[in-house]
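Single-structure report; data block below.
Both ligands and their constituent atoms are indexed starting at 1 by order of listing.
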Amino acid sequence: MGGAIGMCYISNMLTTILTTGWGLRYPIIGAPMANIAHGRLARAITAAGGLGMIGIGGKETPEVIERESAIARGGKFGIGLLAWVLDAKPELFDIAVQQQPFLISISFGSVRPYADRLHNAGILLATQVNSRAAAVEAQSAGADIIVAQGTEAGGHTGSVGTLPLLQMVLDTVSKPAIAAGGIASPRGVAAALAAGAAGVWVGTAFLLCPESLTTDDAGRRIVAASENDTILTPVFDRANRQGWPPQHPGRALKNSFTEQWHGREQELVANAAEMARFRAGADARDYDITSIFAGQAVGMLDQRRSAEEVVRSLGDGAEQLLRTRASELLGD
Ligand SMILES: Cc1cc2nc3c(=O)[nH]c(=O)nc-3n(C[C@H](O)[C@H](O)[C@H](O)COP(=O)(O)O)c2cc1C
């Protein structure tokens, strides 16, 4: 299979706007993941035929955007920003635009203040939505790409599952819709594309790639985790004193800290000793205390694989599956 991919007479077999319009080999976007997906992972995903993105959260500085964009710049890349962070640090938006990425995503808040500037700069604007109403608003606010992000997703998300949300978004918006949340195998990619998605936005499946910033200890815990070992919780955001909007808790691996404090966040922030214990644990990367953000697809991850292997196996596997299933289901 691998040999055939390198042959130039093989055209894009999965045909969506991401392959025909954007020129990708596979309609697969490597999700922006703050502290995890920086330039090296983005570059590897793009080199393998997808579109890699750099995640910029509340802690990343303008220098990080410049440095990581320089690493990713060998090919097309995207930068993922957080709307509520931009409210406090508008300079992050300016620096991101200056890097001239192919695409910028702005999630967890409104894209409206940024749409014109991105379009004038020739940069595509994507945003993740968690409800039908948010999809309608995103489209009217100028988003070019609407990412239906289901609650299965790792990191911050909403409360509606990927499948119902994707159906609603596809029925509601005219812009290309992309599926995110819980997609980590060819079956998931095939299902999203068969439903009508223009592509998939994949985070958790890349957590074990050596090109990510996942630490060895976190990687061991990810391998050991099953699909039942995540929790959607605001506890880490409150403990970090980060300004995450309360309607977007984060999905992370359960640990002793979530067992103790999930649902008791107000009590936690009032407890100086526990807040100090959290800070020390986070600084020491003690994952019994601090977060490993990961989605329910974590139950499908059992080995470290390069970003190239992940992209190719998702893309080629989905293509094969769609061919065989279509003929099984519909006949030749
Ligand atoms: C570790 C981690 C960090 C994330 N950081 C961000 C981020 O900085 N910005 C963002 O828009 N989304 C972020 N997300 C969400 C992803 O963009 C995406 O929606 C999600 O990974 C898709 O679901 P999946 O993890 O099941 O593939 C993050 C996800 C993970 C797992």
Problem - Residues R43 and E211 bridged, charged N to O under 4.0 Å - result: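 No, R43 and E211 are not salt-bridged.
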Practice task
Considering only NZ, NE, NH1 and NH2 on the basic side and carboxylate oxygens on the acidic side, decide whether R220 and D216 come within less than 4.0 Å.
Solution key: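 Salt bridge absent between R220 and D216.
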Problem - Considering all heavy atoms, the nearest P32-W201 contact - result: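 Smallest heavy-atom distance, with atoms named: CD-CZ2, 3.3 Å.
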If we only count N/O pairs under 3.5 Å, is [X] in contact with ligand 1?
{"X": "S105", "answer": "no"}
{"X": "G182", "answer": "yes"}
{"X": "A34", "answer": "yes"}
{"X": "Q149", "answer": "yes"}
{"X": "G203", "answer": "yes"}

Heavy-atom nearest neighbour in the protein, as seen from [atom], with distance rounded to 0.1 Å:
{"atom": "atom 17 (O) of ligand 1", "value": "W201 NE1, 3.1 Å"}
{"atom": "atom 6 (C) of ligand 1", "value": "P32 O, 3.1 Å"}
{"atom": "atom 9 (N) of ligand 1", "value": "L82 CD2, 3.5 Å"}
{"atom": "atom 1 (C) of ligand 1", "value": "F293 O, 3.5 Å"}
{"atom": "atom 4 (C) of ligand 1", "value": "M33 CA, 3.4 Å"}

If you count the atoms of ligand 1 from 1 in the order shown, which ones are under 4.0 Å from a heavy atom of [X]?
{"X": "Q128", "value": "10 (C), 11 (O), 12 (N), 17 (O), 18 (C), 19 (O)"}
{"X": "G181", "value": "22 (C), 23 (O), 26 (O)"}
{"X": "G154", "value": "15 (C), 20 (C), 21 (O), 23 (O), 24 (P), 25 (O), 26 (O), 28 (C), 29 (C), 30 (C), 31 (C)"}
{"X": "V202", "value": "27 (O)"}
{"X": "A31", "value": "16 (C), 17 (O), 18 (C)"}

Exercise for the section: Measure from the side-chain N and O atoms of S226 to the backbone N and O of G299, and report whether any donor-acceptor pair falls under 3.5 Å. Expected result: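 Looks like no, no N/O pair under 3.5 Å.
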Handout entry: Side chains of S212 and T214, donor plus acceptor under 3.5 Å
Key =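 Their side chains do contain a donor-acceptor pair, which is all the 3.5 Å distance test asks for.
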Handout entry: Side-chain donor-acceptor pair present, D144, H119, cut-off under 3.5 Å
Key =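 Distance-only check passes for D144 and H119.
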For [X], look at atom [atom1] and say whether over 12 heavy atoms of other residues, nucleotides or ligands are found less than 6.0 Å away.
{"X": "E328", "atom1": "CD", "value": "yes"}
{"X": "R73", "atom1": "CZ", "value": "yes"}
{"X": "R285", "atom1": "CZ", "value": "no"}

Exercise for the section: Assert yes or no for the condition that the ring centre distance of F257 to H262 is strictly below 6.0 Å. Expected result: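 Centroid separation for F257 and H262: 6.0 Å or greater.
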Handout entry: Nearest neighbour of atom 24 (P) of ligand 1 from the list I178, T204, L207, T230, on a heavy-atom basis
Key =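 Residue with the shortest heavy-atom distance to the ligand atom: T204.
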